Amino acid sequence: MSDEIPPPPVPAEPNARRYEGKVAFITGAARGQGRAYARRLAAEGADIIAIDIAENLATTAYPTATAEDLAETARIVEALGGRIVIAKADVRDFDAVKGAVEQGVDELGRLDVVIANAGMTNTANAWEITPESWKETIDVNLTGAFHTAKAAIPTLIEQKTGGAITFISSVAGLVGLPYHADYAAAKHGVTGLAKALANELAGYRIRVNSVHPHGVNTALKPGLRARLEQEPEIWTLFYKGTLPVRWNEVEDLAAAVAWISSDEARHVTGIQLPIDYGRTNR
């Protein structure tokens with residue numbers, strides 16, 4: 001039955017200016033999801049503060065973004081009419097993240113939206129994860145998310161105009177996906193961090209939510225796809241959703257993040273929004 005039904009189109013380009021006059025801070029913005037968030041929000045009127053480590057990590061099996069990738073994100077934002085401040089910064093380095101936020105706010109005038117997106121992952125049985133890989137995964141995904149929020153929250157509070165913080169977690173932050181024990185631990189931590197901050201910041205009208213993609217069609221390829229090809233039963237047991245799709249596209253995530261970070265979602269805080277083609281409903 002599903003083979004007879006064509007898939008819906010990729011989410012259309014925005015036709016609203018929900019972010020006119022607003023500034024968004026996005027981590028991991030050089031390519032993939034981060035670039036998609038920058039592009040979408042800029043198309044809706046936002047100016048952007050964008051950071052990325054822009055160099056390879058020690059333990060990943062795939063190449064990470066480059067300084068040229070980050071410059072391309074800047075070019076895209078500017079072509080859409082937005083202003084952008086970019087910085088090469090590692091989210092594990094709090095001083096670097098804080099400095100980038102301060103520079104961006106100084107140049108762009110304010111801060112309204114934070115998208116804590118920077119992340120990495122590998123694929124291995126839990127008992128085969130090296131201590132080095134475990135530490136890097138926790139530090140980038142969880143500590144980096146904490147640093148992002150810690151660097152941005154004082155400005156949001158001082159402005160007294162509210163705001164939105166959106167953490168990019170994962171389906172692995174909701175369920176125990178196998179072969180990602182370190183990543184699942186980190187992303188469960190991100191989910192908990194978002195829920196706690198939603199309570200702490202509600203009185204300042206700062207909304208905090210987490211978004212939970214499943215597979216996303218980006219250059220972040222930790223080796224799982226090859227394993228799924230070798231052991232297709234793993235797909236059905238642990239990764240298959242209910243909708244007849246295999247991966248999210250970055251535009252699917254950008255559309256969701258643009259909504260939940262906007263004033264249209266002004267009464268939405270403390271939720272976990274799965275963009276997972278039904279995986280968590282199985």
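Everything numeric here is computed off the predicted structure, so don't read it as measured data.
With respect to the salt-bridge test (charged N to carboxylate O, under 4.0 angstrom), the residues Glu55 and Lys88 qualify. Between Arg75 and Glu72, at least one side-chain nitrogen of the basic residue sits less than 4.0 Å from a carboxylate oxygen of the acidic one, meeting the salt-bridge criterion.
Leu57 and Tyr183 are assigned to two separate hydrophobic clusters, defined by single-linkage of ILVMFWY side chains at heavy-atom distances under 4.5 Å.
Atom CG of residue Leu111 and atom CD1 of residue Ile49 lie 5.5 Å apart, to the nearest 0.5 angstrom.
Ser210 and Thr191 share no donor-acceptor pair across their side chains, judged by distance under 3.5 Å alone. Looking at Asn117 and Thr27, their side chains never bring a donor and an acceptor atom within 3.5 Å of each other.
Residues Thr161 and Arg110 form a side-chain contact, since some pair of their non-hydrogen atoms from C-beta on lies under 4.5 Å apart. When side chains are defined from C-beta on, Leu174 counts as touching Gln272, because their heavy atoms get closer than 4.5 Å. For the pair Arg279/Val175, a side-chain contact is recorded, criterion being any heavy-atom separation below 4.5 Å from C-beta on. Within the 4.5 Å cutoff, no side-chain heavy atoms of Thr137 are placed close to those of Ile129.
Applying the 6.0 Å contact sphere to OH of Tyr204 captures no more than 12 heavy atoms from other residues, nucleotides or ligands.
Phe167 approaches Ala116 most closely through the heavy-atom pair CD2-CB, 3.6 Å. The two residues Pro213 and Ser169 have their closest heavy-atom pair at CD-O, 3.5 Å. The shortest non-hydrogen separation linking Ala30 to Thr73 is O-OG1, 3.1 Å. Considering every non-hydrogen atom in both Val250 and Gly32, the closest pair reads CG1-C, 3.8 Å. Closest approach of Met120 to Thr60, counting heavy atoms only: CE-CG2, 3.4 Å. Closest heavy-atom contact between Asp182 and Ile138: O-CD1, 3.7 Å.
In this structure, Asp47 contributes its side chain and Val23 its backbone to no donor-acceptor pair below 3.5 Å.
The side-chain contact (heavy atoms from CB on, under 4.5 Å) test with Ile26 singles out one residue from Ile48, Ile84, Thr148, Ile168, and that residue is Ile48.
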Dump the intermediate steps for side-chain hydrogen bond (donor to acceptor under 3.5 Å, both in side chains) on Thr166 and Asn209, then the final yes or no.
-> CA-CA 5 Å; Thr166 301; Asn209 297 288; 5.5 Å; no
